Undergrad: 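Pasting in a structure now, in structure tokens, and then I'll have a few things to ask.
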Amino acid sequence: MNHYSPDPEPERSTGLEPGGGVPPGETPPAESSMPEALPREPHSPTKGWAKAPMAVIIVLTVLIAAFFLAYALVLIL
């Protein structure tokens with residue numbers, strides 16, 4: 001496994017003072033890409049709802065709608 005340092009190498013970077021600082025008017029060196037910055041995620045969960053919870057939600061929605069429909073019919077008659 002390779003380890004990449006995000007710090008610039010002073011002997012290879014232009015515009016750096018001996019202590020590693022940047023003089024006024026100079027642009028500091030850009031950050032390098034850090035491939036090891038994020039942890040690997042071997043498990044990729046599936047997207048969307050499982051069938052059982054979705055079925056329960058649909059059944060409850062239909063029952064509630066039927067209750068209000070029956071209640072409205074009772075009030076009308």
Side-chain angles (χ1 to χ4, degrees):
M1 180 152 110
N2 293 337
H3 176 70
Y4 299 100
S5 174
D7 297 328
E9 297 178 20
E11 61 273 355
R12 295 182 59 197
S13 300
T14 59
L16 291 180
E17 293 178 339
V22 180
E26 281 285 331
T27 304
E31 291 183 18
S32 64
S33 168
M34 294 182 5
E36 297 174 359
L38 299 175
R40 291 186 59 203
E41 186 175 332
H43 174 68
S44 178
T46 59
K47 295 181 179 177
W49 287 80
K51 292 180 182 178
M54 186 59 84
V56 169
I57 291 171
I58 291 172
V59 167
L60 286 175
T61 304
V62 169
L63 286 174
I64 292 170
F67 169 77
F68 283 115
L69 179 64
Y71 186 71
L73 290 174
V74 167
L75 288 179
I76 291 174
L77 301 175

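Keep in mind that this is a model prediction, so the values were computed, not measured. The basis for the numbers below is simple: all heavy atoms, side chains too, and nothing from hydrogens, waters or symmetry mates.
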Undergrad: Determine, using the 4.5 Å side-chain heavy-atom cutoff (strictly less than), whether Ile64 and Phe67 are members of one ILVMFWY cluster.
TA: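 In one cluster: yes.
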Undergrad: Taking ILVMFWY side chains as joined if any heavy atoms are under 4.5 angstrom apart, and letting links pass through other members, which residues group with Leu60?
TA: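 Answer for Leu60: Val56.
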Undergrad: Residues sharing Leu77's hydrophobic cluster, by side-chain heavy-atom contacts under 4.5 Å among ILVMFWY, directly or via others?
TA: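 ILVMFWY cluster around Leu77 holds nothing else.
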